[in-house]
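All values below were derived from every heavy atom in this structure, side-chain atoms included, with hydrogens, water molecules and symmetry-related copies excluded. Below, chain A is the first sequence line, B the second, and so on; all start at residue 1.
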Amino acid sequence: MLTIPFIRENRDLVIRQLKIKNFDAETIIDQILKKDLSRRNNQVRVNELQSEMNQASKAIGLLFKNGEKDQANQAREKTSELKEEIRALQSAMQQASSELNELLIQVPNVPHASVQQGKSESDNEIIRKGGSVPDLEENALPHWELAARYDIIDFDLGVKLTGAGFPLYKGDGARFQRALISYFLDRNTESGYKEVLPPLLVNADSGFGTGQLPDKEGQMYHVQSDDFYLIPTAEVPVTNIYRDVILEEGDLPIKNTAYTPCFRREAGSYGKDVRGLNRVHQFDKVEIVQIQSQENSYQALEEMVLHVESLINDLQLPYRIVRLCGGDLSFTSALTFDFEVYAAAQKKWLEVSSVSNFEAYQANRLKLRYKKPGEKKTLLAHTLNGSALALPRIVAALLENNQTSEGIRVPSVLHKYMGKDLIK
RNA sequence: GGAGGAAUGGCAGAGUGGUCGAAUGCGGCGGUCUUGAAAACCGUUGUCCGCCUACGGCGGACCGGGGGUUCGAAUCCCUCUUCCUCCGCCA
């Protein structure tokens, strides 16, 4: 969430910039400022009374020590009124600050200056294209049919075991998953990311820290008996490693990468682009996460974009990079670049990565801060993450684009992981 | 799952109702000494909120989380969480 001092000092800017996200912030921002002011006034009063009370208590202690019992008891009676007053004010203050918090978490992150106004993904700006679309035969098959032909992904068995959207990978299909995961992890660690393997279930605090809770509660699977959430992305556990942490500036940047399965309920998206691997409830993804200083976060974002681009290039997939418009930008993000690859049989662009800078928005929720050398003041860190990469749609595009009459060509960078160059 | 014990500052570890934000040691930072370094010695060392014409002063909160008792709680009570020991079960 945004910090109160930031809102206080940048009221107009916040309202103006949030219009780009199609969010009318004026009313809520003014409510926040009003509540903040009254909370502060209240606190001044409470602090005064507490100070008075502390002094009185000290005096009473001294009287008892000196054996002046009567005087002490007299003084004690006098404090009861003060005590009542403090109690009342404190509970009012608690109420106010929880109301303030309630309002604050409803305000999305302010978009970066480069983000354009727009309603939906159709307004996203294509900033770069690469690779070349293969010349497929007229009767080229979509990946779900290829999956059946080579018996490498079984959607029906997934339905039997769990339900729709939980594919079962078999044989070379399973091996292919493992190959991609290993390849991505190796490339990421070569680029300075440290590999971590986090828990797949997280608590509510973690869900809140990265912004999935409370607004996107319905997107996650919830284990009610223990109040855990299945992670929708490795971003959640990997970023929450640094919840309530104060780093030294010299520790930055922190770069982590993690492979995890991801679980998404995708409620309400039935019937829309859900064939095959296009949209599933459980999928594998390798994520990269950076913790950066305020000055360097946009440079880091650029670096992450180039890194993801190089992965896609090496898989020889046709791709495009888009800058999300205000309407398509997530609640917590300031700037996001999506990567889409072209699945040539479906003739569709499929999103395979989303690289974002959250600036201090998550860090404020996480209480993730850092200190410059020799300075006492703490600063909120900037958090960034991106998929490098999400597997299902990469697999979909590779199967479709690389189909030949002999079988499916395995990209050369994966040969050593697959132990073969053709799936047949 | 059953029975006990514990949770204090970056770490170790005192403190069981009254100047305790918290002894002491280690670490960190600054300094003296030294050609330099080490040792020794001296000083310093948390976070958050707020107020004040402020590169400083003051007030408040924080001793695992939450709640309670009390004029006053790190210290007492309740509850949750985590860790350790023993028993049971188990990949």
Under 3.5 Å donor-acceptor pairs involving side-chain atoms of residues 241-249 of chain A, not counting sequence neighbours:
| residue | atom | partner | partner atom | Å |
| --- | --- | --- | --- | --- |
| A:Y242 | OH | A:N256 | ND2 | 2.8 |
| A:R243 | NE | A:N240 | OD1 | 2.8 |
| A:R243 | NH2 | A:S206 | OG | 2.9 |
| A:E249 | OE2 | A:K372 | NZ | 3.1 |

Contact class for [X] vs. all strands (heavy atom < 4.0 Å): base, sugar-phosphate, or nothing?
{"X": "A:S57", "answer": "base"}
{"X": "A:R39", "answer": "sugar-phosphate"}
{"X": "A:S80", "answer": "nothing"}
{"X": "A:Q43", "answer": "base"}
{"X": "A:N73", "answer": "nothing"}

(request) Check for a donor-acceptor pair, side chain of A:K285 on one end and backbone N or O of A:P392 on the other, with a separation under 3.5 Å. (result) no
If the [atom1] atom of [N] is compared with that of [M], how far apart are they to the nearest Å?
{"N": "B:rC41", "M": "B:rG46", "atom1": "P", "result": "23 Å"}
{"N": "B:rU70", "M": "B:rC86", "atom1": "C1'", "result": "39 Å"}
{"N": "B:rC87", "M": "B:rG10", "atom1": "C1'", "result": "37 Å"}
{"N": "B:rU45", "M": "B:rU24", "atom1": "P", "result": "13 Å"}
{"N": "B:rA6", "M": "B:rG15", "atom1": "C1'", "result": "16 Å"}
{"N": "B:rG2", "M": "B:rU79", "atom1": "P", "result": "15 Å"}
{"N": "B:rA12", "M": "B:rA22", "atom1": "C1'", "result": "16 Å"}
{"N": "B:rG59", "M": "B:rG21", "atom1": "P", "result": "12 Å"}

(request) Could you list the residues that satisfy side chain to side chain donor-acceptor pair (under 3.5 Å) with A:D24, not counting sequence neighbours? (result) none
(request) Applying side chain to side chain donor-acceptor pair (under 3.5 Å), name anything that partners A:Q116, two or more places apart in sequence or on another chain. (result)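 A:Q116: no side chain to side chain donor-acceptor pair (under 3.5 Å) contacts found.
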Both distances below 3.5 Å, Watson-Crick or wobble geometry, any strand: find the nucleotide opposite [N].
{"N": "B:rG72", "result": "none"}
{"N": "B:rG4", "result": "B:rC84"}
{"N": "B:rG17", "result": "none"}
{"N": "B:rC11", "result": "B:rG25"}
{"N": "B:rA91", "result": "none"}
{"N": "B:rC51", "result": "B:rG57"}
{"N": "B:rC62", "result": "B:rG46"}
{"N": "B:rC33", "result": "none"}

(request) By nearest nucleotide on RNA chain B, pick out whichever of A:A56 and A:K371 is the more 5' one. (result) A:K371
(message) Return whichever of A:R87 or A:R8 has its heavy-atom-nearest nucleotide of RNA chain B closer to the 5' end.
(response)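 With A:R87 and A:R8 compared, the 5'-side residue is A:R8.
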(message) If the threshold is 4.0 Å, N to carboxylate O, is there a salt bridge linking A:R175 and A:D172?
(response)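 Salt bridge: no.
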(request) Please list, chain by chain and in numerical order, all residues satisfying salt bridge (charged side-chain N to carboxylate O under 4.0 Å, His left out) with A:E340, sequence neighbours excluded. (result)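 Residues passing salt bridge (charged side-chain N to carboxylate O under 4.0 Å, His left out) with A:E340: A:R320.
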(message) Could you work out, with salt bridge (charged side-chain N to carboxylate O under 4.0 Å, His left out) as the rule, every residue matching A:E217, not counting sequence neighbours?
(response) none
(message) With a strict under 4.0 Å distance from non-hydrogen atoms of chain A, what nucleotide opens and what nucleotide closes the contacted stretch of RNA chain B, reading 5' to 3'?
(response) B:rG18 to B:rG72
(request) Please work out whether the ring planes of A:H112 and A:Y298 are parallel, tilted or perpendicular, with thresholds of 30° and 60°. (result)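 A:H112 and A:Y298: tilted rings.
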